[in-house]
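Notes to accompany the following structure.
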Amino acid sequence: AAPRQRLVHRELAGTFVRVPADRFGEGVDDALREMGSFLGADRITIWRPDPDGELLTAVHMWSRPGVPAPRTSVLRVVGSEMIRRLREGRMVRIDRVDGLDDDWRIERTLLERRGIHSMLAAPLMVEGVFGGFVSLVNHRADAVVDGGKVSVLRPAAGILAEAFARDEAERELLRRARRDPLTGLA
C-alpha cells in the first residue's frame with residue numbers, strides 16, 4: 001500500500017485503541033469521515049445484520065456535504081447476489097450500476113432507486129463469521145471505484161470488524177459485571 005494508505009490504516013486502528021468504550025460510536029463516525037474523505041466517496045456506511053440474518057441495518061454513516069440522506073436504512077437480504085458474496089468474505093465492486101446483469105437485478109433496482117452509480121463493499125468478518133459490511137457509494141457518474149480504493153477499504157473493513165467485536169465483548173463484560181451470576185439480578 002502507498003504511504004498515505006498505510007497512514008489511513010494506522011490512524012483507523014489507533015482510533016479504536018484510544019477511544020473509550022462509551023464513545024465507541026463517535027470513534028466509528030470519525031473513522032468513516034476520515035475514510036470517506038480520503039477515498040472521495042459520496043457516502044460510506046456500516047451495515048450490520050439482525051439476529052435472524054434477513055435484514056441489514058445502517059448503524060453508522062458518513063455522507064459528503066450535499067449528498068442526500070437515503071430514504072431507508074434497512075436492507076432485506078434474501079436473494080441478494082451481493083450479500084451472498086459478502087457472506088463468503090468476498091469484496092463486491094460495482095463499477096457501473098447500469099451495467100449489472102440479471103443475476104444482480106435486486107441490487108441494480110435498489111441502487112438505481114437510490115441514485116447510486118458505483119459501489120464498493122467489503123465484508124466485516126471476524127474468525128470467518130460475517131458481521132455485516134462497509135459500503136462506499138457514489139452518486140456521481142464520473143466517480144471511479146478503482147484498485148486504490150479496494151486496497152484501502154479491504155483492510156479498513158478488517159480493522160472495523162475487530163473493533164466491533166471488541167466493543168461487543170466489552171459490553172458483554174460490563175453487563176455480566178452488573179448482574180449477579182446466580183440470580184441474574186442487577
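Partners of E172 by salt bridge (Lys or Arg N to Asp or Glu O under 4.0 Å), not counting sequence neighbours, listed by chain and number: R175, R176. A search for salt bridge (Lys or Arg N to Asp or Glu O under 4.0 Å) contacts involving R105 returns nothing, not counting sequence neighbours. Qualifying side chain to side chain contact (heavy atoms under 4.5 Å, CB included) partners for D50, counting only residues two or more places apart in sequence or in other chains: D52, L55. Applying the side chain to side chain contact (heavy atoms under 4.5 Å, CB included) rule to D101 yields the partners D103, W104; only residues at least two apart in sequence or on another chain are considered. R93 meets the salt bridge (Lys or Arg N to Asp or Glu O under 4.0 Å) test with D95; sequence neighbours excluded. Residues satisfying the salt bridge (Lys or Arg N to Asp or Glu O under 4.0 Å) test with D167, not counting sequence neighbours, are R171. When the side chain to side chain contact (heavy atoms under 4.5 Å, CB included) test is applied to D142, the partners found at least two apart in sequence or on another chain are R140. When the side chain to side chain donor-acceptor pair (under 3.5 Å) test is applied to S135, the partners found at least two apart in sequence or on another chain are W47.
If you take CH2 on W62 and CZ on R33, they are separated by 9.5 Å, rounding to the nearest 0.5 Å.
When the side chains of ILVMFWY residues are joined at heavy-atom separations under 4.5 Å, either directly or via intervening members, L75 and I106 end up in two distinct hydrophobic clusters.
Judged by distance alone, the side chain of K149 and the main-chain N or O of V144 form a donor-acceptor pair under 3.5 Å.
Residues near V129 contribute nothing to a hydrophobic cluster around it, because no ILVMFWY side-chain heavy atom sits closer than 4.5 Å to its side chain.
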Donor-acceptor pairs under 3.5 angstrom involving side-chain atoms of residues 111-125: please list them, not counting sequence neighbours.
residue: R114; atom: NH2; partner: T72; partner atom: O; Å: 3.1
residue: H117; atom: NE2; partner: H139; partner atom: O; Å: 3.2
residue: S118; atom: OG; partner: N138; partner atom: ND2; Å: 3.2

Please list every donor-acceptor pair under 3.5 Å in which a side-chain atom of residues 157-165 meets a protein atom from a residue at least two apart or in another chain.
none

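Residue pairs satisfying the side chain to side chain donor-acceptor pair (under 3.5 Å) criterion with at least one member in residues 76-85, sequence neighbours excluded, are listed as follows: S80-E107, E81-R84, E81-R85, R84-E88.
A salt bridge links R108 to D102: one of the charged nitrogens lies within less than 4.0 Å of a carboxylate oxygen.
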